[in-house]
Amino acid sequence: MSSTGTRSTEKARYIIVTGGVLSGLGKGIITASIGNVLVSHGYRVSPVKIDPYINIDAGTMRPTEHGEVWVTPDGGETDQDLGNYERFMDIDIDKDHNITTGQVYLTVIQKERNLEYDGKNVEVIPHIPQEVQKRISTIAERESSDFVLVEIGGTVGDYQSVLFLEAARQMKLEGKEVVFVHVVYLPIPGNVGEMKTKPAQHSVRELNAAGIQPDFIVARSSVPVDEVRKEKLSLFCNVAKDSVISAPDLTSIYQSPVRLEEQDFVRKILKKFGLNYGRSPMLEKWKRFVKNIDKCEDEVRIGIIGKYFDIGDFSLEDSYISVIEAVKHACWSSSAKPKISWIDSKCYEKESARLKELSSYDGIIIPGGFGSSGVEGKIAAIRYARENNIPFLGLCYGLQLAVVEYARDVCGLKGANTTEIDKKAAYPVIDILPEQKKNIEASNYGATMRLGACPAILREGTIVRKLYGKKEITERHRHRYEVNPDYIELLEKNGLVFSGRSPDRRLMEYIELPGHSFFCATQAHPEFSSRPMKPNPMFNGFIKACLKR
Ligand code: GLN
């Protein structure tokens, strides 16, 4: 899918973004920001993320290792950068926009087995880069893209990125219109106190060795890049001085398109393609939105109770990035600013007296999760929120555990559980979907969940129906377990409201408790559909309830 741009051209143009010096320097945000400006000017943009790993998708990766698994509308489990693209460009992106080494090799090997290479020797060069190119142009054709924005993951110089750089080099060689943007980092070593360009120079040399000359250098650093450093980069990296773009650290990632625009970055890119643009009302709107972020004053204290804490604090933001962004979007739309605290649910298992601290939050969120670790702590926290009228938002596992808690503590079903944790639970209130049983038995875990956008029908007169303002909605899903239909009647009799179901009424999608400050949960992941200027209704309702507290 791509943006609803108006200026469809016959041939796509390609902007290829590479990164040098170090990983995690914000290449994804730079790529998303270029996309934001292009979309704002009415262009159809198709962003593509290339990940140089053997995994077919991110679904089988640990969030603490790779960050959040992003779910696409068509059920892909992809790199989280697609989330940034969706948020910055306000478009839905399908799973084939995330290309991995594993996908490319798998296709080439399958084609070879199917005799699709006419008896030729199938080799890494040219067949692997050819397959990469084919995937990119398939998207461009299908979406009639004005621009395809390709971000090559990893760092230039890494052995595993070479074949993707080769594909990019060949694209230009074959006459496609390509502009290369290389994002580098300029460190300021503490003992020297001076911004250094040498690592960036070397990374450009690595790129040159792969046959690619960057058209632009985006220089990330803690502070803006001065003229002296720009001149140096220009001279040693063979790019015009005004093609060196400064990208200092920002207080909000959403400022990035604005900062790049101040340097006419995208205009300069378009100039290379022989294009230009005028004023964009959409961009003006974005600028106002960014300005307003700084004006938000009321603080909302949110406790997110999770478990992906095992490799230190640095993993947190990445494991739950879409939840965090959705909280921010909803807060900003109420002119409030979020203060998020991370709570390791295991602490409530060791020390139940600590649950009292939850009263100091304006609301709590139990996000998605898997497995037994910390689950009893989460259930205890849900009980505390329910009994003490603290706004609670449950996402996927959050819904399932809220149902377990309700069954145990309100319906009196001692020993109620999800069969994900206790296969022999006395009351399996959450159970595996019949269609998932065979996958588990065959240890077949990759891409076998209920995945992607699924519709739900919201019941008249409920909180969620009011929040969404319509009867039928869709949100993205990623789970194997469901509310067991055998227990619905009992749960309902005891006051739990199933406020949204799948259209065939078999699957419970939303629950809520009337009379509570806010006690709502969904089997879906509404965080994936939240956009900066269009916050998700569930998050909106939750934050509004938090602000009332
Ligand atoms: N572990 C649960 C399931 O598989 C919930 C998954 C989630 O929270 N995404 O159904």
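From a predicted model like this one, the values you see are computed outputs, not experimental measurements.
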Salt bridge present between [X] and [Y] (N-O < 4.0 angstrom):
X: Lys272; Y: Glu177; value: no
X: Glu509; Y: Arg450; value: yes
X: Lys534; Y: Asp90; value: yes
X: Glu194; Y: Lys196; value: yes
X: Asp264; Y: Lys271; value: no
X: Asp146; Y: Arg44; value: no
X: Arg478; Y: Glu68; value: no

* Asked: How long is the span from the CD atom in Gln133 to the OG1 atom in Thr138, to the nearest 0.5 Å?
  -> 11.0 Å
* Spacing of Ile269 atom CD1 and Leu38 atom CG [to the nearest 0.5 Å] -> 7.0 Å
* Please determine if Lys548 forms a cation-pi arrangement with Phe518, meaning its NZ or CZ atom is less than 6.0 Å from the six-membered ring centre and no more than 45° off the ring axis. => no
* Structure fact -> Minimal heavy-atom distance between Arg531 and Ile91, with the atoms involved, is NH2-O, 3.1 Å
* To do: For residues Tyr254 and Trp332, establish whether the separation of their ring centroids is below 6.0 Å.
  => yes
* Do Tyr277 and Tyr43 have their ring centres less than 6.0 Å from each other? -> no
* Student check: side-chain heavy atoms of Met538 and Ser529 closer than 4.5 Å -> no
Distance-only, no hydrogens or angles: does the [X] side chain make a donor-acceptor pair with backbone N or O of [Y] under 3.5 Å?
X: His41; Y: Gly278; answer: yes
X: Asp57; Y: Gly59; answer: yes
X: Lys268; Y: Asp242; answer: yes

